[in-house]
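Scroll down for the structure; my scribbles are underneath it.
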Amino acid sequence: MGTQPSQSPTPAGGQQAWSQRFESALHPAIAQFNASIGFDIELLDCDLTGSIAHAQMLAKVGILSEDECDRIVAGLETIRQEYQQGKFNPGIDEEDVHFAVEHRLIELVGDGGKKLHTARSRNDQVGTDMRLYLRGQIEQIRQRLKAFQQALVDIAEQNVETLIPGYTHMQRAQPLSLAHHLLAYFEMTQRDWERLGDVLKRVNLSPLGCGALAGTTFPIDRHYSAELLGFDDIYHNSLDGVSDRDFAIEFAGAASLIMVHLSRLSEEIIFWASEEFRFVTLGDTCSTGSSIMPQKKNPDVPELVRGKTGRVFGHLQGLLVMMKGLPLAYNKDLQEDKEAIFDTVATVSGCLEAMTILLQEGITFRPERLNQAVAEDFSNATDVADYLAAKGVPFREAYNLVGKVVKTSLAAGKLLKDLSLAEWQSLHPAFEADIYEAIAPAQVVSARNSAGGTGFEQVRIALNRAQSLLKPDA
Ligand code: ARG
């Protein structure tokens, strides 16, 4: 069937892609400026899939014969294969992926190919492609979120009773279960996963058949093409259908929140790996050295994730600004959605994959160092106040008293555990020998058994919840 694919075929009918209305070809620099083929080739697979459904719909309503439809579908599948084999490489004079496909189809199947664009415009076509593309990518990102969560849970399972200092204002606050700390990221990414599922509802609508802006004179069946493409519904207003990019902005917003979460964890890993903290060691497969300082092992993965977060936020901002002044309906400004969305997808997917590998094999927590860290501070001070409050001393009074104890201990170079019982009792008669147990770090953590707290019992409940949410049918 057809001819050899040309590297950059002259568009059918002459030097330019559009109607005979034009007398001269585009200025070469403007052609370059105008063209999206350099990046929208990413949509090729979706464009072919969308066109196949459009052809089948045209056949169903009698606009194409079954034979014409079969030839078009076969031609489109040939282009898919040619692309996979590296034989379909449209050049700049094709303008965009849609023209490139149409021209190659006409080369392959002849005049029958010219009927494919009946009752369709590139405006509803590109909108369809973007939604098909994003639908597939969102599914993949959701899978990557699950793999990341699994890696978190695998570490958490081993570290329910490993302690880690908890901070507020970046000051030691109260000790925590390490699993509890990691499961906070599980919860954030669970919301990310759910949020993407919600975005999907608005991505999965069909603009196909909205035409250039006003619908079409042909008796098309938009519900049929939508159904063939697995869309949940159609756009109910043709102007909205061709010019809506809310779904892309929502996706960029959801992607930005994923990056916020990855970036916060990255920041923690970076300082945990520093000499000042030494809470983790980084493995050789995920860190790099310095070209000049031989002792160094750099946390490149979390640094890059933290750094890449900015570009994803930038894409969200770019899309919002692109849309804010657009009159209805399609405007060429909308071509700018492509690179923003493609780069957002690639960045978020890449960061999730890298962070998952980092958790799986690139980071080792140091329980001895972590347990020791929580034994050397005043992060059990709240527990002394709670101890007194439980014995009937009003909390605010207890709080003030413990403030004084911390002050005198600091001055004496002592920790709370180093005070003698006589010293405790001189501070308040309610102190008894069980104060030592009450302020031991493991007890301090274990006692925070309120729902969602860091007490080991609660952490086991949270871990069960996480494990069940990770089951394939959850
Ligand atoms: N390349 C264009 C885009 O990405 C396709 C739609 C062009 N439509 C038009 N009326 N010029 O938006």
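For ligands, and for the atoms within them, numbers begin at 1 and follow the listed sequence. Along the sequence shown, the residues carry numbers beginning at 1.
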Please list every donor-acceptor pair under 3.5 Å in which a side-chain atom of residues 307-315 meets a protein atom from a residue at least two apart or in another chain.
unit_1, atom_1, unit_2, atom_2, d
T309, OG1, V305, O, 2.8
T309, OG1, R306, O, 3.4
R311, NE, D343, OD2, 3.0
R311, NH2, D343, OD1, 2.7
R311, NH2, D343, OD2, 3.3
H315, NE2, D343, OD2, 2.6

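Relative orientation of the F277 and F279 rings is perpendicular, given thresholds of 30° and 60° on the angle between their planes. Using bins of under 30°, 30° to 60° and over 60° for the plane-to-plane angle, the ring pair F88/Y83 lands in the perpendicular bin.
A salt bridge links R195 to D192: one of the charged nitrogens lies within less than 4.0 Å of a carboxylate oxygen.
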Give every pair made of an N or O atom of ligand 1 and a protein N or O atom lying under 3.5 Å apart, one pair per line with both atom names and the distance to 0.1 Å, or write 'none'.
unit_1, atom_1, unit_2, atom_2, d
ligand 1, 1 (N), S36, OG, 3.2
ligand 1, 1 (N), D96, OD2, 3.1
ligand 1, 1 (N), Q335, OE1, 2.8
ligand 1, 4 (O), K338, NZ, 2.7
ligand 1, 8 (N), N123, OD1, 2.9
ligand 1, 10 (N), N123, OD1, 3.0
ligand 1, 11 (N), R122, NH2, 3.2
ligand 1, 12 (O), Y330, OH, 2.4

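In this model, no donor atom of one side chain and acceptor atom of the other lie less than 3.5 Å apart for D129 and Q125. Side-chain atoms of D300 and T288 form a donor-acceptor pair, as typed in the model, at a separation below 3.5 Å.
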